[in-house]
Amino acid sequence: MAIASKSIALTIIFLLVTCVSSQRETKFLNHGFLGANLLTFGSSKIHPSGLLELTNTSMRQMGQAFHGFPMALLNSNSSVSFSTSFVFAITPGPGAPGHGLAFVISPSMDFTGAFPSNYLGLFNTSNNGNSLNRILAVEFDTVQAVELNDIDDNHVGIDLNGVVSVESAPAAYFDDREAKNVSLKLASGKPIRVWIEYNATEMMLNVTLAPLDRSKPNSPLLSRRMNLSGIFSEENYIGFSGASGTVTSAHLVLGWSFSIEGKASEFDITKLPSIPDPPPPSSPPPNPPVLAKKSSNNTKIIIIFAVLGIFGLIILIFLGVFVFRRREIFTRGPRKFSYQTISSATGGFESTKLLGERNSGSFYKGQLAPTEIIAVKRVTCATRQQKTTLIAEIDAISRIRQRNLVNLLGYSSKGNEIYLVYEYVPNGSLDRFLFSNDRPVLTWSERFCIIKGIASALQYLHGEGQRPLIHGNVKASNVLLDEELNSRLGDYGQGSRHSTTGHVAPELVETGKVTRDTDVFAFGVLMMEIVCGRKAIEPTKPPEEISLVNWVLQGFKNGDLLQRCDARINKEELVAREVLLVLKTGLLCANRSAEGRPMIKKVVQYLDGIESLPRDDCFFSGV
Ligand SMILES: *[C@@H]1O[C@H](CO)[C@@H](O)[C@H](O)[C@H]1NC(C)=O
Ligand SMILES: *[C@@H]1O[C@H](CO)[C@@H](O)[C@H](O)[C@H]1NC(C)=O
Ligand SMILES: *[C@@H]1O[C@H](CO)[C@@H](O)[C@H](O)[C@H]1NC(C)=O
Ligand SMILES: *[C@@H]1O[C@H](CO)[C@@H](O)[C@H](O)[C@H]1NC(C)=O
Ligand SMILES: *[C@@H]1O[C@H](CO)[C@@H](O)[C@H](O)[C@H]1NC(C)=O
Ligand SMILES: *[C@@H]1O[C@H](CO)[C@@H](O)[C@H](O)[C@H]1NC(C)=O
Ligand SMILES: *[C@@H]1O[C@H](CO)[C@@H](O)[C@H](O)[C@H]1NC(C)=O
């Protein structure tokens, strides 16, 4: 009580002082944020040391923090020069880091409705890129979102009104003495200092960064001519936003200075808060508070180790007994859930939890922990052999992690049933969006993103992963959409295949053997389905329209490919160049002869515009 009223009194005094002293505040300098005029939102918080934490290493966090007073960055309708400098650190959670943080200038501090992960807690799929946002951001991004044109998974970008950067570069700094660029890992857990300067006369925005122990490099990493008069408003809020996704990092800011019409003050490095040690990488998230706390007391450490040692011994003995009984468990592999856990997570496979039946299994929604929602696929194996094969395949795919795949968390088995535990993907499967009217109509840009996402998932399966994996059943009902409508390809790497009319490559019908080429064929057909909003085969249509591939090919020959586009897509936001690119790539993939089809890597290059499509006549041969 006393503490509360004291802090209220302090706040009032602080506000009075600041109001009086800064009729028009033009500069500030914060070493840490204790007592700073900073407002925090979402997952942001200020540590007792003064460190600003935008997100911790939990999944799908997003947090913003803004300087409490708006800044006047417009003067008689034209922008003013400003300069800012800050020190940040990104400490990755277990596994790959994600997603990043950004310095933001925005007309408002309200980011409700924004998404975490790729959208950095600033935008969402519907307002991304909208010029009404009037937001300038400089992003420090540690994940490559192919569909958002990210260049790599460690870059700095200048963003206007959305997360697709107008300019970006791999994180690096210029070493003045050696006269060369030195690359810098953003998610190293080490402090990095940034300078962002805008000269309104020259209309140049510069972004420079360097490790904290180095002085400011002479050359900026990014330097871009921009007229920010149209972006800034009368009142601008300045601050930071950070977000995690399925991959996570703690996003931290140590200090910040800002100045209008002048250079931002330099930091006294000794006054900055220090960065807490990251948790030991090998330990699973829920247990380490004992270990993470650093104790100066040696006897304490010894006791802890002794206790741990005894624990370890007990666990080893248990494991030994276990392994003796069931040898397969000990091999490093997928997480094994007990049947009890899975059964209670799904309410005993209650019918209200049934998500649907697909690919010889039933999917149930379940809840493992308050924030951990899962999808469980229940497969009944007819033979012992089938069960053994399935478990071997689960083992093979259990270490696969990619942004556009539905990640397998583990499995459980009981009798002749196997339960595959996946992360839950909230928006359900793509076929419902495409072929029925009970979901919102996907816009063109959403469709294009979805297509690029599937392509990158397939590219990963076909080559980038530990060993090539054929999907074998690429179709709309196996593509799930997450909250941000990112595509997540599911149901990869499982034995029994159910052919789907229209997606099956001719040679697959003959040989029954799935290959990378048959995956590419199926993806080609799927691309056309996504653009045209109809199924590959629709028997009720007039004869010339029954087969989607033929119908698109006819459109191509007649030069009216654009007419094949889903009529529900708003014509104004169609990008003709992209529609043609996707349909032509689709035709190329759906070539009847396997040799005529491109590899998925090439397909990704076509879709990204890195590689141009072959000349037109190629499409005719063999489709
Ligand atoms: C992150 O913060 C949330 C909310 O404050 C908390 O529930 C969660 O346990 C934290 N996660 C970690 C890894 O510290
Ligand atoms: C700024 O622009 C507004 C609207 O365009 C206009 O009404 C106003 O007169 C302008 N102010 C100055 C100082 O040029
Ligand atoms: C995006 O955010 C805006 C508000 O910022 C909100 O109105 C809109 O519903 C959000 N869109 C989605 C798809 O969540
Ligand atoms: C360093 O990187 C910058 C920005 O990417 C580039 O413009 C410059 O040419 C590079 N300089 C050297 C010496 O490589
Ligand atoms: C931006 O960088 C360029 C190139 O180094 C330099 O000429 C210019 O003065 C810089 N502008 C600002 C505002 O720092
Ligand atoms: C902006 O650039 C102009 C012209 O190069 C220069 O005279 C001016 O001092 C610069 N302003 C700032 C704030 O750096
Ligand atoms: C900058 O943009 C503003 C508003 O969009 C415009 O009025 C002004 O003429 C532009 N300045 C230059 C030099 O292009």
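Bear in mind the structure is a predicted one, so any value in this text is a computation, not a measurement. Any value given below was found using the heavy atoms of this structure, including those in side chains, with hydrogens, waters and symmetry copies removed.
- Closest non-hydrogen pair, R447 versus I530, comes out as NH1-O, 2.8 Å.
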Dump the intermediate steps for side chain to side chain contact (heavy atoms under 4.5 Å, CB included) on F433 and N427, then the final yes or no. CA-CA 9 Å; F433 282 82; N427 264 322; 4.2 Å; yes

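- Counting heavy-atom neighbours within 6.0 Å of M59 CE, excluding the residue itself, gives a total of 12 or less.
- Remark: of the listed residues I135, L160, N133, L160 is the sole one forming a side-chain contact (heavy atoms from CB on, under 4.5 Å) with I231.
- In terms of heavy-atom proximity, I90 sits nearest to L186 at CB-O, 3.6 Å.
- Proximity of L405 to L461: side-chain heavy atoms (C-beta onward) are separated by under 4.5 Å at one or more points.
- Between the side chains of H155 and Q144, no donor N or O sits under 3.5 Å from an acceptor N or O.
- Residues E261 and K27 are not paired through a salt bridge, judged by the lack of any N-O separation under 4.0 Å between the basic side chain and the carboxylate.
- Although no hydrogens or angles enter the test, the distance criterion places a donor-acceptor pair under 3.5 Å between the side chain of S85 and the main chain of V194.
- No side-chain heavy atom of L39 sits less than 4.5 Å from a side-chain heavy atom of Y237.
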M599/R516 under side chain to side chain contact (heavy atoms under 4.5 Å, CB included): CA gap, chis, key distance, verdict: CA-CA 8 Å; M599 300 283 280; R516 294 184 214 196; 4.2 Å; yes

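- Rounded to the nearest 0.5 Å, atoms CG (D153) and NE2 (H99) are 11.0 Å apart.
- With respect to E578 and K452, no salt bridge is recorded, no charged nitrogen being found less than 4.0 Å from a carboxylate O.
- Within the model, atoms OG of S244 and CG of L120 stand 11.0 Å from one another, a figure rounded to the nearest 0.5 Å.
- In this structure, D482 pairs ionically with R488, as a charged nitrogen and a carboxylate oxygen lie closer than 4.0 Å.
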Would you please test S108 and D110 for side chain to side chain donor-acceptor pair (under 3.5 Å) and show each step? CA-CA 5 Å; S108 113; D110 180 11; 5.4 Å; no

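- If you take CG on N206 and CH2 on W195, they are separated by 12.5 Å, rounding to the nearest 0.5 Å.
- Across L222 and E167, no two heavy atoms sit closer than the pair CD2-CG, 3.8 Å.
- Salt bridge annotation for R225-E202: absent, with no cationic side-chain nitrogen under 4.0 angstrom from a carboxylate oxygen.
- Taking CZ of F448 as the reference point, atom CD1 of I450 lies at 12.0 Å (rounded to 0.5 Å).
- Within a 6.0 Å sphere centred on NZ of K216, other residues, nucleotides and ligands contribute more than 12 heavy atoms.
- Under the 30°/60° scheme for interplanar angles, the aromatic rings of F28 and H67 are found to lie parallel.
- Considering only heavy atoms from C-beta on, L136 comes within 4.5 Å of L228 through its side chain.
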Apply side chain to side chain contact (heavy atoms under 4.5 Å, CB included) to residues F69 and N37 and explain how you reach the verdict. CA-CA 8 Å; F69 293 115; N37 182 14; 2.9 Å; yes

Could you please spell out the steps behind the side chain to side chain contact (heavy atoms under 4.5 Å, CB included) verdict for I158 and L205? CA-CA 9 Å; I158 298 174; L205 181 73; 3.8 Å; yes

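- Between G50 and P273, the closest heavy-atom pair is C-CG, 4.1 Å.
- Rounded to the nearest 0.5 angstrom, E53 CD and S44 OG are separated by 8.5 Å.
- Residues T40 and Q64 bring no donor and acceptor atom of their side chains to less than 3.5 Å of each other.
- A heavy-atom distance below 4.5 Å is found between the side chains of N118 and R403.
- Side-chain contact between I196 and S83 is absent, with no heavy atoms from C-beta onward closer than 4.5 Å.
- Using modelled atom types, one side-chain atom of T84 and one backbone atom of S257 make a donor-acceptor pair closer than 3.5 Å.
- Considering only heavy atoms from C-beta on, S456 comes within 4.5 Å of Q402 through its side chain.
- Side-chain contact between N404 and Y460 is absent, with no heavy-atom pair separated by less than 4.5 Å.
- Between W256 and F240, the angle of the ring planes goes over 60°, which puts this pair in the perpendicular group of the 30/60° scheme.
- Aromatic pair F123/F115: ring centres not closer than 6.0 Å.
- Closest approach of I275 to P191, counting heavy atoms only: CD1-CD, 3.7 Å.
- Across all their heavy atoms, P217 and T208 have their closest contact at CD-CG2, 3.7 Å.
- Below 30°, between 30° and 60°, or above 60°: for H31 and F267 the angle between ring planes is above 60°, a perpendicular geometry.
- With a 4.5 Å cut-off on side-chain heavy atoms, F111 and L122 count as touching.
- Here CG of D141 is found 7.5 Å from OG of S165. Values are rounded to the nearest 0.5 Å.
- Between the side chain of N75 and the backbone N or O of S78 there is no donor-acceptor pair closer than 3.5 Å.
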